[in-house]
Amino acid sequence: MIDVVTLASQLIALRTDAGQHDALRTALHLIAQQLPADVTVEWFERNGHHSFLAYVGTTRPDRFRVVLNGHVDVIPGKLHQYQATRVDDRIYGVGALDMKANLAVLCAVFGEMVHQVPYPLALQVVSDEELGGFDGTMLHIEQGVRADFVISGETTQFNVVNQAKGIVWLKVHAQGVTAHGAYPWRGQNALALL
């Protein structure tokens, strides 16, 4: 059984801000070392961002019933905050809630359940969620990872949610005629022409 508090504290101590590739890899390997010995850990990398997918068997299933998804990267903090501080039954530190403690729990759940459930279960851990997930989760999808259900351990005010806001990236091209701000009637606002 994984000691969730110890693992969370070890992860918090790592400065896994964006661009800290050595620390991010160290965090990923620390988590992978906690998994059962007979679990396959499939590694991915793109643009210097590493990630892994863990599952039972030597061949990745075509589709997982459930994927547990988490990330090791964090929003930067002050140097003294990269140390887990326990106050009563809480842990404080950079990334404690988003999402190092949560990831320690996902790791423990995966390790305990992967041999008990009668369906393909995976643990997906990425290092670029705070940057958009294009070189982590998106790469996994592009490489054929599929699931019927994904559980992200991201904290949502301690509630279970089945939907969230998404991201829409659009490029809009419009042409107008420039004008001085004091004389807007001399131009044509490109946005008004859409």
Side-chain angles (χ1 to χ4, degrees), residues 11-12 14-28 31 42-53 60-82 92-103 105-106 122-194:
L11 291 170
I12 291 166
L14 295 170
R15 189 174 176 193
T16 56
D17 310 347
Q20 300 290 330
H21 296 292
D22 289 340
L24 289 161
R25 275 193 305 277
T26 298
L28 290 167
I31 294 164
E42 183 178 349
W43 291 93
F44 297 78
E45 185 275 332
R46 182 161 68 187
N47 296 323
H49 298 107
H50 293 80
S51 58
F52 73 77
L53 185 71
R60 182 196 319 151
D62 292 334
R63 187 172 204 84
F64 292 97
R65 177 73 59 85
V66 177
V67 169
L68 305 174
N69 171 281
H71 63 91
V72 294
D73 57 318
V74 298
I75 299 296
K78 296 178 181 172
L79 285 179
H80 73 276
Q81 295 172 317
Y82 292 91
Y92 296 91
V94 173
L97 189 61
D98 183 12
M99 78 174 284
K100 291 180 174 181
N102 310 35
L103 187 53
V105 170
L106 288 177
L123 175 66
Q124 180 181 58
V125 184
V126 301
S127 64
D128 71 328
E129 187 271 349
E130 300 294 353
L131 300 174
F134 301 106
D135 295 323
T137 302
M138 180 60 75
L139 175 62
H140 290 213
I141 292 168
E142 291 170 0
Q143 296 293 319
V145 175
R146 298 290 181 266
D148 294 329
F149 194 77
V150 176
I151 298 174
S152 173
E154 192 81 33
T155 301
T156 52
Q157 312 208 343
F158 300 110
N159 294 315
V160 173
V161 296
N162 62 359
Q163 58 187 350
K165 65 180 180 190
I167 297 174
V168 175
W169 295 77
L170 299 173
K171 284 188 178 184
V172 178
H173 296 277
Q175 292 183 328
V177 177
T178 60
H180 189 280
Y183 310 104
W185 58 88
R186 292 184 179 167
Q188 261 188 322
N189 185 335
L191 293 178
L193 299 175
L194 292 176

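All values reported here derive from a predicted model rather than from experimental measurement. The first residue in the sequence is number 1, and the count goes up from there.
A salt bridge between Asp62 and Arg146 is absent, with no side-chain N of the basic residue lying under 4.0 Å from a carboxylate O of the acidic one.
Side-chain contact check for Asn47 versus Phe134: every heavy-atom pair is 4.5 Å or farther apart. Using a 4.5 Å heavy-atom threshold, the side chains of Leu106 and Val125 count as separate. Residues Val126 and Phe44 have side chains not in contact (no heavy-atom distance under 4.5 Å, counting atoms from C-beta outward). Side-chain contact between His49 and Leu131: present, with at least one pair of heavy atoms (C-beta onward) separated by less than 4.5 Å. A 4.5 Å side-chain heavy-atom check between Gln143 and Arg46 finds every atom pair outside the cut-off. No side-chain heavy atom of Val145 sits under 4.5 Å from any side-chain heavy atom of Glu42.
The shortest heavy-atom contact between Phe52 and Leu28 is CE2-O, 3.4 Å. Contact record, Gly48 with His21: O-ND1, 2.8 Å, taken as the closest heavy-atom pair. Of all the heavy atoms in Ser51 and Gly136, the pair that sits closest is OG-CA, 4.2 Å. The two residues Gln175 and Ala190 have their closest heavy-atom pair at C-CB, 3.8 Å. Across Gly144 and Arg60, no two heavy atoms sit closer than the pair C-NH1, 3.6 Å. Smallest separation of non-hydrogen atoms from Thr16 and Ala23: CG2-O, 3.6 Å.
The ring-ring contact (aromatic ring centres under 6.0 Å, His included) check on Phe149 picks up nothing, with sequence neighbours excluded.
Atom CG of Asn69 and atom CG of Leu103 lie 9.0 Å apart (nearest 0.5 Å). How far CG of Leu53 is from CG of Leu123: 8.0 Å, rounded to the nearest 0.5 Å.
A donor-acceptor pair under 3.5 Å is formed between the side chain of Lys100 and the backbone N or O of Leu14. Within the 3.5 Å criterion, the main-chain N or O of Val72 finds no donor-acceptor partner in the side chain of Ser127. Judged purely by atom type and a 3.5 angstrom limit, Asp73 has no side-chain atom pairing as donor or acceptor with the backbone of Ala18. A side-chain donor-acceptor contact under 3.5 Å links Tyr82 to the backbone of Gly77. Without hydrogens or angle criteria, Gln20 side chain to Asp17 main chain gives no donor-acceptor distance under 3.5 Å.
Counting heavy-atom neighbours within 6.0 Å of Arg63 CZ, excluding the residue itself, gives a total above 12.
Aromatic ring orientation, Tyr183 versus His180: tilted (interplanar angle from 30° to 60°).
Applying the side chain to side chain donor-acceptor pair (under 3.5 Å) test between His71 and each of Asn102, Asp128, Asp98, Thr137 identifies Asp98 as the sole match.
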Pair Glu129-Glu154, side chain to side chain contact (heavy atoms under 4.5 Å, CB included): steps then yes or no: CA-CA 11 Å; Glu129 187 271 349; Glu154 192 81 33; 3.9 Å; yes

